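Everything numeric here is computed off the predicted structure, so don't read it as measured data. Just so you know, residue 1 is the first one in the sequence shown, and it goes up from there.
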Amino acid sequence: REKEDLLVDMEGNFSLAKEKEHTLDEIASQGIWQLFCFGPTLLKNGEIAVAKNAEVKVFNTTKGNQRTGIGMIEPLHYIFAVCNGRTNEDYGMSLYEMGSYLKDKGCSIGYNLDGGGSSTFWFNGKVMNDPTSTGNPGDFAEREISDIVYIANWS
């Protein structure tokens, strides 16, 4: 299956583009402001876009995983979803389950962002979940990463 990227234009609209069909210059000329290239796409036109058994290659397990998903209900109306996983305390979610969750919340487009220990949810200066990379009981620690998605109030 060809990989898709999540695009965000200057008005806050989400769209999807297959990586091999467009250059970055073409995408930039269309007014795209942000591009996410992890995936897979979870929802397209309000319908689940992943198979029930789909999984990111490195984590092909029978358990759910830590997930970070983003969905658009309408422009400038988004849902960020983060779940714990890979521990005895927290099952996590499959890709299909995350897609179902975003669909149930009314999203028309949903996209899987990085998971595992990268699934860390900060709110008002505090970590709100229990990130772990190993899944060992009590091994809750943030992974050192340089990528974030955040919402800023420009007013």
Residue pair Leu6 / Thr41, side-chain heavy-atom distance below 4.5 Å: no
Hydrophobic cluster membership, Phe123 vs Phe80, 4.5 Å side-chain cutoff: no
Smallest separation among heavy atoms of Ile32 and Gln34, with atom names: CG2-O, 3.2 Å
Gap between atom NZ of Lys44 and atom OG of Ser15 - 0.5 Å precision: 11.5 Å
Salt-bridge present (Glu97, Arg67; N to O < 4.0 Å): no
Side chain Lys103, main chain Ser108, donor-acceptor under 3.5 Å: no
Separation of Ile109 CD1 from Asn13 CG (nearest 0.5 Å): 8.5 Å
Rounded distance [0.5 Å steps], CD in Gln66 versus CG in Asn84: 6.5 Å
Flag side-chain contact, heavy atom, 4.5 Å: Leu102 against Leu42: yes
Asp104, CG: over 12 other non-hydrogen atoms inside 6.0 angstrom: yes
Pairwise side-chain contact, Ile48 with Leu43, heavy-atom cut-off 4.5 Å (strictly under): yes
Criterion ring-ring contact (aromatic ring centres under 6.0 Å, His included) on Tyr78 and Phe14, from CA distance to verdict: CA-CA 10 Å; Tyr78 313 115; Phe14 282 13; 4.9 Å; yes
Beyond-backbone contact of Glu26 with Thr23, side-chain heavy atoms, under 4.5 angstrom: yes
Residue pair Cys37 / Leu35, side-chain heavy-atom distance below 4.5 Å: yes
Residue pair Val127 / Asn129, side-chain heavy-atom distance below 4.5 Å: yes
CG (Leu76) with more than 12 external heavy atoms under 6.0 Å: yes
Donor-acceptor contact present, side-chain Glu21 to main-chain Lys18, <3.5 Å: no
Main-chain N/O of Gly39 paired with Asn112 side-chain donor or acceptor, under 3.5 Å: yes
Minimal non-hydrogen separation, Cys83 against Ser119, with atom names: O-CB, 4.4 Å
Shortest non-hydrogen contact from Leu16 toward Leu7: C-CD1, 4.5 Å
Nearest-0.5 Å distance, CG of residue Asp5 to NE2 of residue His22: 9.5 Å
Co-membership, hydrophobic cluster, residues Ile70 and Phe121, 4.5 Å side-chain: no
Exercise: identify the closest heavy-atom pair between Lys105 and Ile79: CB-CD1, 3.1 Å
Side chain proximity check, Tyr101 to Met93, heavy atoms < 4.5 angstrom: yes
Donor-acceptor contact below 3.5 Å, side chain Tyr111 vs main chain Phe38: yes
Asp9 side chain near Trp33 side chain, heavy-atom distance below 4.5 Å: no
Pro75 versus Glu11, closest heavy-atom pair with distance: CB-O, 4.0 Å
